[in-house]
Amino acid sequence: MQYNLSSQLDVARIQERLNALLKKGAVVELTEKAFKTPNQNRYAHLLMGMVGLEVGEPLEYVKVEYFKKLCNRDIFVRMKEDKYVGQIEEIRSFTDLSMEETSLAIDRFKRWGREQGWVMPDPCDEQLLKEIEIMMGRYRQYL
């Protein structure tokens, strides 16, 4: 369960939950959740779109096959047992990543892209990112 400690309602909820766990003598884990920034999401989206334009594949294909499975299998792919089919791959959602996992995934994808000979802009290359955004809009029907 996640609680926003800047919300008085959530503070009351977590205190209530903590009291119940203390009473039980439970073993608990407390971690701070760091969310991705909108800039990280935009940047990753633009990199994937640029690769889609380079290879002529839809954005969703690039996201799943290249970004998730090829470059970041250990972060995104989980094996799950299905009682009828057996072992199946379950692909984790990009939105479930921590800020650190997102940075690592983007860095790996950029490295792979550069190995292919493509220009993979850095987040500060705003002019190039803007050009990619324009191209993605222009060829949206193919992405």
Side-chain angles (χ1 to χ4, degrees), residues 1-18 20-22 24 26-143:
M1 177 69 61
Q2 294 182 12
Y3 299 94
N4 178 358
L5 297 182
S6 63
S7 161
Q8 289 302 319
L9 181 59
D10 273 2
V11 168
R13 287 178 179 154
I14 195 171
Q15 285 176 332
E16 184 178 311
R17 177 77 175 129
L18 179 60
L21 292 170
L22 284 168
K24 238 171 85 172
V27 175
V28 299
E29 179 180 325
L30 179 66
T31 58
E32 183 178 359
K33 177 80 172 168
F35 291 96
K36 294 184 289 300
T37 65
N39 287 340
Q40 275 183 310
N41 288 337
R42 175 181 176 260
Y43 181 56
H45 180 79
L46 290 175
L47 289 176
M48 288 182 255
M50 189 208 73
V51 169
L53 291 169
E54 284 285 339
V55 300
E57 293 290 353
L59 183 60
E60 190 59 30
Y61 182 87
V62 171
K63 182 178 182 179
V64 173
E65 298 301 326
Y66 300 153
F67 187 81
K68 291 182 176 183
K69 290 182 178 180
L70 180 66
C71 297
N72 294 293
R73 179 169 281 281
D74 62 318
I75 295 174
F76 287 101
V77 178
R78 303 286 187 257
M79 297 309 291
K80 180 180 172 184
E81 185 68 32
D82 180 276
K83 69 180 185 177
Y84 301 109
V85 180
Q87 286 281 322
I88 59 169
E89 282 186 350
E90 189 172 68
I91 307 298
R92 190 173 169 199
S93 172
F94 185 76
T95 59
D96 293 339
L97 299 186
S98 68
M99 201 174 346
E100 293 78 19
E101 288 173 315
T102 302
S103 293
L104 176 61
I106 290 171
D107 288 344
R108 288 176 178 174
F109 188 65
K110 282 173 47 180
R111 188 176 330 117
W112 173 77
R114 287 179 177 144
E115 289 169 2
Q116 308 317 304
W118 302 321
V119 174
M120 300 295 280
D122 289 323
C124 61
D125 296 333
E126 196 54 45
Q127 183 59 39
L128 184 52
L129 292 172
K130 191 66 170 165
E131 289 175 29
I132 293 168
E133 198 166 36
I134 291 167
M135 293 296 286
M136 286 175 66
R138 188 171 294 151
Y139 297 104
R140 180 178 321 264
Q141 66 199 33
Y142 304 110
L143 285 176

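Model, not experiment: these values are computed from the prediction.
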Worked check of side chain to side chain contact (heavy atoms under 4.5 Å, CB included) between W118 and L53 | CA-CA 11 Å; W118 302 321; L53 291 169; over 6 Å; no

Would you say Y43's side chain and L129's backbone share a donor-acceptor pair under 3.5 angstrom?
-> no

Any idea which heavy atoms bring [X] and [Y] closest together, and the distance?
{"X": "L59", "Y": "G49", "value": "CD1-N, 3.4 Å"}
{"X": "L5", "Y": "V11", "value": "O-CG2, 3.5 Å"}
{"X": "Q40", "Y": "I106", "value": "O-CD1, 3.9 Å"}

Is [Y] close to [X] at the side-chain level, that is, under 4.5 Å between some pair of heavy atoms?
{"X": "Q87", "Y": "E81", "result": "yes"}
{"X": "F109", "Y": "V62", "result": "yes"}
{"X": "I75", "Y": "R108", "result": "yes"}
{"X": "K68", "Y": "M48", "result": "no"}
{"X": "N39", "Y": "P123", "result": "no"}

Hey, is CD on Q8 packed in by over 12 heavy atoms from elsewhere, all under 6.0 Å?
-> no

Straight-line distance of [X] [atom1] to [Y] [atom2], nearest 0.5 Å:
{"X": "T102", "Y": "N41", "atom1": "OG1", "atom2": "CG", "answer": "7.0 Å"}
{"X": "I132", "Y": "L46", "atom1": "CD1", "atom2": "CG", "answer": "6.0 Å"}
{"X": "L104", "Y": "D74", "atom1": "CG", "atom2": "CG", "answer": "7.0 Å"}
{"X": "F67", "Y": "L47", "atom1": "CZ", "atom2": "CG", "answer": "8.0 Å"}

Applying salt bridge (charged side-chain N to carboxylate O under 4.0 Å, His left out), name anything that partners [X], two or more places apart in sequence or on another chain.
{"X": "K80", "value": "E90"}
{"X": "D122", "value": "K110, R114"}
{"X": "R92", "value": "E101"}
{"X": "R111", "value": "none"}

Salt bridge (Lys or Arg N to Asp or Glu O under 4.0 Å) evaluation trace for E16 with R13 | CA-CA 5 Å; E16 184 178 311; R13 287 178 179 154; over 6 Å; no

Partners of [X] by side-chain contact (heavy atoms from CB on, under 4.5 Å), sequence neighbours excluded?
{"X": "S7", "value": "N4, L9, D10"}
{"X": "V119", "value": "L128"}
{"X": "E60", "value": "K63, V64"}
{"X": "V27", "value": "none"}

Taking only residues two or more places apart in sequence, or in another chain, which ones meet Q15 in a side chain to side chain donor-acceptor pair (under 3.5 Å)?
-> none

Got a sec, which residues hit side chain to side chain donor-acceptor pair (under 3.5 Å) with E65, two or more places apart in sequence or on another chain?
-> K69

Enumerate, atom names and distances included, each donor-acceptor pair closer than 3.5 Å involving a side-chain atom of residues 135-143, sequence neighbours excluded.
none

Residue set satisfying ring pair (Phe, Tyr, Trp, His ring centres under 6.0 Å) with Y61, at least two apart, ordered chain then number -> Y66

